[in-house]
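What follows is one structure encoded as structure tokens, with my remarks underneath.
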Amino acid sequence: MVVGLSWRIMIITISILAVSGVSAQRVSISDYQVPVSTADRLFIDFSVNHAATGSTITTSTGSIGSVYNRFYDSLPFGYSIDIIGSGLVDRNIEKQVYKTDYHADADARVKKYLMQNHESLKDLFGSVRVNSNLRRVYGQPASAVTVGVGYGRLIEATALAKAVRIEAFLIREGELRDHLPKTAILEISKIINREREYEDRFGETYEKEWYDDMEAIMRASGLLKEDALGAVGILRIEEVLEREHVADRFYGWDLTLGSKFDISRPFADENRPPVNLDVSASYARPITWRWQVSERISINTPFDGLGKAFSSSLSSDISYELSNRVDLRLRHLIRVEKPEAADTVASHSFGLSFLYYIENHVNLVATQQIEKAPEESITTNFTIALNYRVF
């Protein structure tokens, strides 16, 4: 059922893409090969709901949330860190008391590639994963460690997406005669990816050197209409790299098989469950330069009762750039639980979000959330929040 749902989402996505068309750019996402792949993002959300009838306050609620993602991958070593947290303050108008709530989830994974000297096995790795979560009602954080082996590699290719967007702008503005050769667009991507290196080397005026090196590659291709980029061309490069948001682009897959050990439970008097067999897989692929599809599946079952009891989850994420400032994001999460002495139950969560990118890293996010828990009615929630991208 879980796999079938995943494929249905993929089929729908591909059908939409067939209508929307494919970029004429000659380079493919899989052409982007770099020895080191990194991504680093921190977002903070603010939401306030304050209402009054006449001079009487009827609603007073405030919340803050944050998301931090750090990704690093090279052939000898890789790691990822994902942290999500939120807090809520709700004022009871009638009783004049405040209710607070909070939660935090953290997941960290370290990978070591084991067979770098064998071309066919260079993506074989050992991994250690630690996850922990905390809720206000918990007596202590719940945490677990998973040790395993796996195969595959995910590569962050956002720099290539930025290079393709720059090229599209320059063609539209008449600065380029045609699409750049594959080698040129890949070289520009690598320069974009080295922004921190340019900043360390040239200081506060690094952008000029950064842009000049990109322009030199365009000039060498013979496709620049003039001897150099004009003011409009430089402005377009700056617009993409400094003022617009390009959503993270990943491609690749990995599969991990391991053993999961619970280190602590939410309450000190809880017994720790037996060691679990843990199987997880991730897949990511940009389809055209505006779409990104990501999927992750996880299955856990105790070694002393393989198949008799299990828990599984599948998250499917699709993002689409409606314009250079507006993104559409869809996320579906399904969880399937089978206790050893009970029936299988499933819960669903579906989210639809529109993100409008304002200036200075400030975004406006509108989200419609639909959830269905076992033996409960469908719940819906609509929120509008300001989102600040720290970096």
>> Would Arg331 and Ser316 count as a side chain to side chain contact (heavy atoms under 4.5 Å, CB included) here? Give the steps.
In response: CA-CA 6 Å; Arg331 185 170 194 265; Ser316 303; over 6 Å; no
So, do [X] and [Y] sit near enough that their side-chain heavy atoms are less than 4.5 Å apart?
X: Tyr72; Y: Val36; answer: yes
X: Gln140; Y: Ser264; answer: yes
X: Phe382; Y: Gln369; answer: no
X: Leu88; Y: Ile64; answer: no
X: Thr256; Y: Val279; answer: no
X: Arg335; Y: Ser312; answer: no
X: Asn387; Y: Val362; answer: no
X: Gln292; Y: Ile318; answer: no

> Centres of the Tyr251 and Tyr32 rings: under 6.0 Å?
Replying inline: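 Distance test on ring centres: not under 6.0 Å, no.
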> Is the distance between the ring centroids of Tyr283 and Trp253 less than 6.0 Å?
Replying inline: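 Distance test on ring centres: not under 6.0 Å, no.
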Is it the case that one hydrophobic cluster holds both [X] and [Y], taking links as side-chain heavy atoms less than 4.5 Å apart, direct or via other members?
X: Leu255; Y: Phe250; answer: no
X: Val326; Y: Val365; answer: no
X: Phe350; Y: Tyr320; answer: yes
X: Val89; Y: Tyr102; answer: no
X: Leu355; Y: Trp289; answer: no

Which side-chain N or O atoms in residues 201-210 pair as donor and acceptor under 3.5 Å with protein atoms at least two apart or in another chain?
unit_1 : atom_1 : unit_2 : atom_2 : d
Tyr206 : OH     : Glu195 : OE2    : 2.6
Lys208 : NZ     : Asp212 : OD2    : 2.9
Trp210 : NE1    : Ile191 : O      : 2.9

>> Walk me through whether Arg136 and His103 qualify under side chain to side chain contact (heavy atoms under 4.5 Å, CB included).
In response: CA-CA 6 Å; Arg136 188 180 186 280; His103 78 268; over 6 Å; no
> Strictly by modelled atom types, are Thr367 and Ser353 linked by a side-chain donor-acceptor pair under 3.5 Å?
Replying inline: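 Yes, because at least one side-chain N or O of Thr367 sits under 3.5 Å from a partner of the opposite role on Ser353.
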>> Show, in sequence, the C-alpha distance, side-chain angles and deciding distance for Ser349 and His332, and conclude whether the side-chain hydrogen bond (donor to acceptor under 3.5 Å, both in side chains) test is met.
In response: CA-CA 6 Å; Ser349 176; His332 180 254; over 6 Å; no
Listed by chain and number, what are the side chain to side chain contact (heavy atoms under 4.5 Å, CB included) partners of [X], not counting sequence neighbours?
X: Thr158; value: Glu156, Lys162, Val246, Asp248, Arg249
X: Leu364; value: Tyr356, Ile358, Ile384, Leu386
X: Glu197; value: Arg194

Quiz: residues 230-242 side-chain donor-acceptor pairs under 3.5 angstrom, not counting sequence neighbours:
unit_1 : atom_1 : unit_2 : atom_2 : d
Arg236 : NE     : Glu173 : OE2    : 3.0
Arg236 : NH1    : Glu239 : OE1    : 2.7
Arg236 : NH2    : Glu173 : OE2    : 2.6

For the pair [X] and [Y], find out whether any cationic side-chain nitrogen is under 4.0 Å from an anionic carboxylate oxygen.
X: Arg329; Y: Asp317; result: no
X: Asp327; Y: Arg290; result: no
X: Arg153; Y: Asp73; result: yes
X: Asp82; Y: Arg41; result: no

Donor-acceptor contact present, side-chain [X] to main-chain [Y], <3.5 Å:
X: Tyr68; Y: Gly85; answer: no
X: Ser66; Y: Ile44; answer: no
X: Arg177; Y: Gly222; answer: yes
X: Glu167; Y: Ile185; answer: no

> Only one of Thr301, Thr146, Asn300 clears side-chain hydrogen bond (donor to acceptor under 3.5 Å, both in side chains) with Asp278; which?
Replying inline: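 One option only clears the test, and that one is Asn300.
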Quick one: pull up [atom1] in [X] and [atom2] in [Y] and give me the separation to the nearest 0.5 Å.
X: Asp262; Y: Asn271; atom1: CG; atom2: CG; result: 11.5 Å
X: Leu121; Y: Leu114; atom1: CG; atom2: CG; result: 10.0 Å
X: Asp105; Y: Ser132; atom1: CG; atom2: OG; result: 8.5 Å
X: Leu154; Y: Ser282; atom1: CG; atom2: OG; result: 6.0 Å
X: Ser189; Y: Ile192; atom1: OG; atom2: CD1; result: 5.5 Å
X: Thr38; Y: Asn193; atom1: OG1; atom2: CG; result: 5.5 Å

Tell me the closest heavy-atom pair linking [X] and [Y], and the distance in Å.
X: Leu333; Y: Ser315; result: CD1-CB, 4.0 Å
X: Val145; Y: Val128; result: CG1-CG1, 4.2 Å
X: Leu328; Y: Leu322; result: CB-CD1, 4.0 Å
X: Ser127; Y: Arg109; result: CB-NE, 4.3 Å
X: Arg70; Y: Asp40; result: CD-OD1, 3.5 Å

> If you look only at pairs with a residue in residues 216-235, which of them pass as a side-chain hydrogen bond (donor to acceptor under 3.5 Å, both in side chains), with sequence neighbours excluded?
Replying inline: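 Matches after skipping sequence neighbours: Glu215-Arg219.
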> When you look at CG of Asp343, are more than 12 heavy atoms from neighbouring residues, nucleotides or ligands closer to it than 6.0 Å?
Replying inline: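 No - once you tally the heavy atoms of other residues, nucleotides and ligands closer than 6.0 Å, there are 12 at most.
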>> Are more than 12 heavy atoms, taken from residues, nucleotides or ligands other than Lys308, located less than 6.0 Å from that residue's NZ atom?
In response: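 Check fails, neighbour count at 12 or below.
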>> Is there a ring pair (Phe, Tyr, Trp, His ring centres under 6.0 Å) between Tyr79 and Phe71? Walk through the geometry before answering.
In response: CA-CA 6 Å; Tyr79 68 87; Phe71 174 85; 8.5 Å; no
> Do you know which of Ile299, Ile334, Val336 makes side chain to side chain contact (heavy atoms under 4.5 Å, CB included) with Leu314?
Replying inline: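 It is Ile334, the one option of Ile299, Ile334, Val336 that forms the side chain to side chain contact (heavy atoms under 4.5 Å, CB included) with Leu314.
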>> Let's go through Ile83 and Val67 carefully: what are the C-alpha distance in whole Å and the side-chain angles of both, what is the deciding distance for side chain to side chain contact (heavy atoms under 4.5 Å, CB included) to 0.1 Å, and is it a yes or a no?
In response: CA-CA 6 Å; Ile83 302 173; Val67 177; over 6 Å; no
>> Do Lys112 and Phe77 form a cation-pi contact, if we require the NZ or CZ to be under 6.0 Å from the six-membered ring centre and within 45 degrees of the ring's axis?
In response: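 No, Lys112 and Phe77 do not form such a contact.
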